Protein chains: 2
Amino acid sequence: MPDPALRANARRNRERLLAAAEEVVTERGTSASLRDIARRAEVGIGTLYRHFPTREALLEALMQERFERLQARADELLGEPPYRAVVTWLRDLAAASATVHGLPDAVLSALRDRDSALHAACDGMRTAGARLLERAQSAGAIRADLTPSDLLALTAGLAWASDYAEDKEARLERLFAVMETGLAS
Amino acid sequence: MPDPALRANARRNRERLLAAAEEVVTERGTSASLRDIARRAEVGIGTLYRHFPTREALLEALMQERFERLQARADELLGEPPYRAVVTWLRDLAAASATVHGLPDAVLSALRDRDSALHAACDGMRTAGARLLERAQSAGAIRADLTPSDLLALTAGLAWASDYAEDKEARLERLFAVMETGLAS
DNA sequence: ACCTGAACACCGTTCAAGT
DNA sequence: ACCTGAACACCGTTCAAGT
C-alpha cells in the first residue's frame, strides 16, 4: 500500500532507498555507511535524509515486517503452555536478532531511548514478551525476579555473542540451552 | 619497570598517552577517538601511532593488569570445588568486562582475530578459563557441550547486555543468576 | 514538493619534514 | 630515535539552490 500522499518520483526514491538499505545493511550491518546506501540507491544523500531523518528511522522501516511477525507470534503463543510459550518466543526473537549484524545493539539502544524512531517498535516487542513472561511467572514456571527488559536484553546478549562464533547458529543453540534451563524457577 | 631502551622523553610520552587513554576510554568506551586521546596527552597524533600502532595495542596496554589479575585468580581457584570455581571466576570476568564500555566486544573480536594485538591476552584468558571448565565438566558439574569460547562469549554477552540497563550491576546479577543455574548439567 | 550535492566538522591513518 | 602535523580518504549531517 504505497503512500498516495507521496509524488510518484518520491515514492520511487523511497523504495530504491529501502532496497539499497536492505542490501547494504545485510552486508555491513546496522552501522553501514548511509552514503553507501544513498549511492547504491542512486539518490542524493539529502534524499536519504528527507525520507529517513535518522538511521533508526531507516532501520525501523527495514525491520517493520519482522517485528510485526514476532508480535503476532507472541499472541499466537498465548495458546500454548506458559513456559514453553516464553521459550519458543525467545528462540524466535534470538534467531531474528541474529540475522543482521548490530541489530541486538539497535534494539537495546532503542528500548532505552524514548526519542528513537525505533523505540515504539521495540517497546511493542517488550510488551508482547511481557505478557508471555508474566503468565509464566504467575504459574511459577520462570524466576520471579526477571523483568521483561531483562528477558529482551538476555536474548539480545546471546544473539550478540553468537555473532562472533565461527558457527553462529550452533553457538546460539548452545547458549540458548543454557538460558532455557536457567530461566526456570 | 620502565623500558630502558626508550629515551626519557619517549617514555614520558608513552606514560602520558596511557594516562590520557585511561581517562578517555573510561568516559567514552573502547572506540573513543584516538585524536581525543592524543590531544588529552598533549602529544601529536603520530606519536600515539608510534607507541601504539593499533587501537588494540593501546587497549592491550590499558587492560594488561586486569587480565593478569584474572588469570592469576583462575589459578587460585583451582583449589576450590570445580563448579564453584568456574562460577566464581566467571563472575569476576563479567564484572571486569562491565567496567569499560565496549570491552566485551573488544575481547570477543580479539579472540577471533589472531593478528589482533589483544589476541594473546584474550587467548590467555580463554586458556585460564578452559582449565576450570574442563575440570568441572570432568566432574559432571557443567554441561559437556560448552566450549571455553562459549563460556567467554556467554559471559561477555551478559556484561554487554547489562550495559544498556539503568541499574547495570543489578541487571548483571540477575542475568548471571540465570546463567549460573543454566550451566549446571 | 521534492531533489541535489557542496560545505562543515569531524574521523583513522600515513608519511615527509623536522629535532 | 623520536616527534609533529599536514594530507588523504573517508564519515554524518545540514542547507542553499535548484526543478
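FYI, side chains are in, hydrogens and waters are out, and symmetry mates aren't considered; it's all heavy atoms of this structure. All chains are named by letter (A, B, ...) in the order of the sequence lines, taking the proteins before the strands, and each is independently numbered beginning at 1. These figures come from a predicted structure and were not determined experimentally.
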Have a look at [X] and say if it touches a base, only the backbone sugar-phosphate, or nothing, with a 4.0 Å heavy-atom cut-off.
{"X": "B/Arg39", "result": "sugar-phosphate"}
{"X": "A/Thr47", "result": "base"}
{"X": "B/Ala32", "result": "sugar-phosphate"}

Of the listed nucleotides ([options]), which one gets closest to any side-chain atom of [X]?
{"X": "A/Asp36", "options": "D/dC11, C/dC2, D/dC2", "result": "D/dC11"}
{"X": "A/Ile45", "options": "C/dT14, C/dC3, D/dT13", "result": "D/dT13"}
{"X": "A/His51", "options": "C/dC3, D/dA7, D/dG12", "result": "C/dC3"}
{"X": "A/Arg50", "options": "C/dT14, D/dC3, C/dC3", "result": "C/dC3"}
{"X": "B/Tyr49", "options": "C/dC2, C/dG12, D/dC3", "result": "C/dG12"}
{"X": "A/Val43", "options": "C/dT4, D/dC2, D/dT14", "result": "C/dT4"}

Counting only side-chain N and O atoms of [X], is one of them less than 4.0 Å from OP1 or OP2 of [N]?
{"X": "A/Asn9", "N": "C/dC3", "answer": "yes"}
{"X": "A/Arg55", "N": "D/dG12", "answer": "yes"}
{"X": "B/Ser33", "N": "C/dC10", "answer": "no"}

Legend entry - Side-chain ion pair, A/Arg131 and A/Asp75, N-O less than 4.0 Å: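 Salt bridge flag = yes for A/Asp75 with A/Arg131.
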Legend entry - Consecutive-pair stems (3 or more, Watson-Crick or G-U, under 3.5 Å) for DNA chain D: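 If one scans DNA chain D for consecutive Watson-Crick or G-U pairs, the stems found are C:4-8 with D:12-16, C:12-16 with D:4-8.
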Legend entry - Any donor-acceptor N/O pair, A/Thr99 side chain to A/Ala96 backbone, under 3.5 Å: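 At least one qualifying donor-acceptor pair exists.
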